[in-house]
Amino acid sequence: MIETNNDQRANARTVPCSSPRSGKRRTRSGCAICRRRKIKCDERSGGCVACERLQLDCPGYGVNALPVSELLNPSADVTKAGIKRRRVWQSCEACRRSKARCSSGRPPCARCEKRGLACSYPESNRSVVSVATDPNSSSTMGTELESTLPVRTNMSPIPLEAIAWLYSDHLPDNNHIRELVEEYFAIFHPLRCFNFLHKPTFIESLENGSAHDRGHALLHAVCSLGAKSYALRHALKSGILSPKWILTAGNKWADFALRQVLQELNTISVENLMAAILLQDHQIRLGKYSTAFMLTGFTTRMAQALQINLEYSSDILCLDSTKLPNASSKESRRRLMWACYVTDASVGSGVDQLTLLDEADIKIQLPCDERQFVLQVPCITELLKCGEFLSFIPQHAIPATPSASMGLQAYYIRLISIRKRILRYVKQLGSAQLPWLPGSEFNVLKNLCTEWQTSLPPNLQYSTATLYIRSETGELGALCLLHGTYHETMIDLYRIFVPALYKLRSTFEFPSDQQDYLARRQRELYEHARCIANIAMEAMNRQGPSALADFWWPSITYDSCRHMVYYVTQVQPAQNDLISDATSLLSSNIEALGMLRQLCAMAEPLYTTAGKMLWKLNVTDNNHNIGPEDPTESDETCSSTAPGTPTQATPDYVLHPLSIYRMARKSIPEKHAPEKTTSTPTAIHNSSPTGMSLPNGQTPSPGHGFTADWSTTATETVLPPPPIEDNVTSHRSWVEDEIQLQCPSEMTSFWEPAATVESGLYNTGLPPWLTDFQQDQFWLGQEG
């Protein structure tokens, strides 16, 4: 121990300056903190600058300095120099025992998460809010909240204890439930066709307490999605919540809702169907694709049982006020059916074997405008096909401009219908006409997309004014998704012009006189990829990640990345202006994917892979292939069968690895791997000029558009990915077919011969295969 007086006398000593350039004498009488830190002390009167910068009390200098014994002693929170320790991370106990490197991730570190180990940290060096979790629950991804995470200086931190209830086993109090419901209606309700809930009726049920008596599964499903938006909003304010914590907020409520729905399989009700649709979305967000795949089939069968694919009655305008349901109930039924259709179409991915719903069996009009739905104003809109109306509506009742009553979701549904035909077309190129022919299937589908875009009313066009309008009405996310889906649909159609980027079973051979045509189409494909990047960037700048809350956005954004990189490195290499443009847009896409990790598990691997694209684009010679390893590469192996065994066809080999069907099959341990036969790509030199030829004398299906048997036969083969060569024309299939979802087989209407439920054959009873059926319309606003 150094005595105080000796220490002060030592501090007061001075020595001559060794520098010949200055006559000043160097002093050793700086404050004790600067001396401990071994930095120069300016000995400013009243306290040195160094201590002031660190917000410390300067002990002073010389004989007036505080004794060393009175300074702060080093501890877990304070350094030897009296400075608050900045580094609080350390290895978890499991990694310390194994002497392995720990990522210090919280909740579990990367090593413990990968090995399924219990990850815990010594309590002495951190402060946490522990939340009990069920080990069998999906919410085990997050078990602890870190109070030591860095907080952005321009934002006020929010105590984690205030939002720890998002991980509770039971729903919170009514005030918090109301907050979660508002979050759901603000973020998720406008997306796709999730707007089947009539908000005034739903809020009324919360206030009178009936929501807790009936429809438990639906209320839990709504709150589970609202919890993610609630956590995201608080994370943006405080910066103290990890993406994984946000993603798993409210998972216990979703688990409860799923158990309720499965336990009540014999209770076929509108509430359970609504809950199942929301749960399917929730499971996809968590990366539970097997559950999502099965829920899609469940929702489709329940929709058929409820007969919501038919109008409830011919009184569309609700002229008879004595009859129930009311206008909002009927509209909610329609929206619920269209939600099932959109889910089934996205899961089917243009493969008939995986599609359960046929457009020909859906005999209801398209959704009306959201304002009319909220105000319970009945109206007449068009059917799925433009210009068509319900057959029982008298001609004089049809409005002059029915499209004026159609909402954003109506145009989204029509776009999904076109996309189904496009995905079916690109999987059946072997029987398709050459794309540059005037009457080819490609030109027919391209014209359909153009007609759809031109049919959009001014308030749905993508413009600066529309962005402000939809931001004000709370539909910015829905508007961006509508136009993002359009450009992704065009990319799906134009994939035939970049066959090396996809594992197409058949390709077109473009002769020399069609090279200009090919170049124009490839440039158009690049422009569509740019548009997606610009839409995502605009949405993020205006509203943050909540504007891209739909779970399809990570796939759309990633597809934009790989198409831009492919074009500037393989199609038009060594053009600095293009590379600069693509680099800027790729950076914004990566930023969007990074933010989307908080709302969708799929965004994590795509974010990493897109980052590799950008890095290779910046450091690699453009004359070489820069394609990163595909994060979704299938791990299925080819099985060996006896000679003469025909090649077996399954949807696995025509679907994108990000599709739900492919992701779901990866979780089946006893899955059967059908035979794969490899060969060189089949080039299409010529085809019938009159139209698409169908094998075995098949005729086109009115509900499915162009229809051909996609299944491979003994003479057809499934193509391997193109070989990688180290030259300027080399290509690599970074990501396979298309980026979207899928599900189950084809549905026929064998017990619905009428145009409405009310006038149907079974209007006085139920189908013979239904025994325990409840016509529960409570959430639609009808008395139950």
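In this text, all values refer to a predicted model and were calculated from it rather than measured experimentally.
Residues Leu501 and Arg495 are not in side-chain contact: their nearest non-hydrogen atoms beyond the backbone lie 4.5 Å or more apart. For the pair Leu258 and Thr291, the minimum side-chain heavy-atom distance is below 4.5 Å. Residues Arg419 and Leu415 have side chains not in contact (no heavy-atom distance under 4.5 Å, counting atoms from C-beta outward). The shortest distance between side-chain heavy atoms of Val222 and Trp253 does not fall below 4.5 Å. By the 4.5 Å heavy-atom criterion applied to side chains, Phe194 and Leu225 are not counted as neighbours. Between Phe298 and Leu262 the shortest side-chain heavy-atom distance does not fall below 4.5 Å. Contact of the Phe256 side chain with the Arg259 side chain is registered, since non-hydrogen atoms from C-beta on lie closer than 4.5 Å. Between Glu370 and Leu408 there is no side-chain heavy-atom pair separated by less than 4.5 Å.
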Start with the C-alpha gap between Trp552 and Thr485, add the side-chain angles, then the distance that decides, and say whether side-chain contact (heavy atoms from CB on, under 4.5 Å) holds.
CA-CA 9 Å; Trp552 198 21; Thr485 303; 3.4 Å; yes

Output, in order, the C-alpha distance, side-chain angles, deciding distance and verdict of side-chain contact (heavy atoms from CB on, under 4.5 Å) for Tyr341 and Glu359.
CA-CA 8 Å; Tyr341 168 76; Glu359 292 92 337; 2.8 Å; yes

Under the side-chain contact (heavy atoms from CB on, under 4.5 Å) criterion, do Tyr184 and Leu197 qualify, and how do the steps go?
CA-CA 11 Å; Tyr184 166 81; Leu197 279 173; 4.1 Å; yes

Tell me, with the steps shown, if Arg335 and Cys193 meet side-chain contact (heavy atoms from CB on, under 4.5 Å).
CA-CA 7 Å; Arg335 295 181 175 214; Cys193 288; 6.0 Å; no

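Once rounded to the nearest 0.5 Å, the distance linking SG of Cys95 with CZ of Arg111 reads 4.5 Å. Between the CG atom of Leu482 and the CD atom of Gln409 there is a distance of 9.0 Å, given to the nearest 0.5 Å. One finds the CD atom of Gln570 at 12.5 Å from the OH atom of Tyr567 (value rounded to the nearest 0.5 Å). Rounded to the nearest 0.5 angstrom, Tyr558 OH and Met602 CE are separated by 12.0 Å. Between atom CG of residue Leu218 and atom SG of residue Cys223 there is a gap of 9.5 Å, rounded to the nearest 0.5 Å. Going from atom CD1 of Ile284 over to atom OG1 of Thr343 covers 7.5 Å, rounded to the nearest 0.5 Å.
A side-chain donor-acceptor contact under 3.5 Å links Thr296 to the backbone of Ala292. Under the 3.5 Å distance criterion, the side-chain polar atoms of Asp559 are left unmatched by any main-chain donor or acceptor of Ser555. Without hydrogens or angle criteria, His483 side chain to Leu460 main chain gives a donor-acceptor distance under 3.5 Å. Under a 3.5 Å cut-off, the side chain of Gln522 and the backbone N or O of Phe497 do form a donor-acceptor pair. Listed for the Lys420 side chain is no donor-acceptor partner under 3.5 Å among the backbone atoms of Gly348. The backbone N or O of Arg530 lies less than 3.5 Å from a partner atom in the side chain of Asn534, making a donor-acceptor pair.
Asp255 and His220 share no donor-acceptor pair across their side chains, judged by distance under 3.5 Å alone.
Smallest separation of non-hydrogen atoms from Tyr566 and Ala500: OH-CB, 3.8 Å. Nearest heavy atoms, Gln543 versus Ser546: O-OG, 3.1 Å. Between Trp553 and Ala536 the shortest heavy-atom distance is CZ3-CB, 4.3 Å. Closest of all the heavy-atom pairs between Ala221 and Ala275 is CB-O, 4.2 Å. Looking at every heavy atom in both residues, Asp492 comes nearest to Val426 through O-CG1, 3.4 Å. Gly226 approaches Glu183 most closely through the heavy-atom pair O-CB, 3.6 Å.
When ring centroids are compared, Trp338 and Tyr412 stay outside the 6.0 Å threshold. A distance below 6.0 Å separates the ring centres of His234 and Tyr230.
Under the salt bridge (charged side-chain N to carboxylate O under 4.0 Å, His left out) criterion, Arg470 pairs with Glu475, not counting sequence neighbours. Applying the side chain to side chain contact (heavy atoms under 4.5 Å, CB included) criterion to Cys449, with sequence neighbours excluded, gives Ile418, Ile422, Tyr486, Thr489, Met490. By the side-chain hydrogen bond (donor to acceptor under 3.5 Å, both in side chains) test, Tyr526 pairs with Asp581, sequence neighbours left out. By the side chain to side chain contact (heavy atoms under 4.5 Å, CB included) test, Ala539 is found to be paired with Cys480, Ala547, Leu548, residues two or more places apart in sequence or in another chain being considered.
Identified under the salt bridge (Lys or Arg N to Asp or Glu O under 4.0 Å) test for residues 541-554, with sequence neighbours left out: Arg192-Asp550, Glu538-Arg542.
Counted within 6.0 Å of OH on Tyr607, heavy atoms from surrounding residues, nucleotides or ligands total 12 or fewer; the atom is thus considered open.
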List the atom pairs, donor and acceptor, that lie under 3.5 Å between side-chain atoms in residues 585-597 and the rest of the protein, sequence neighbours left out.
from	atom 1	to	atom 2	distance (Å)
Ser587	OG	Thr583	O	2.9
Ser588	OG	Leu585	O	2.7
Asn589	ND2	Ser560	OG	3.2
Arg597	NE	Gly594	O	3.0

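A side chain to side chain contact (heavy atoms under 4.5 Å, CB included) with His528 is found for one member of His563, Glu488, His487 and no other, namely His487.
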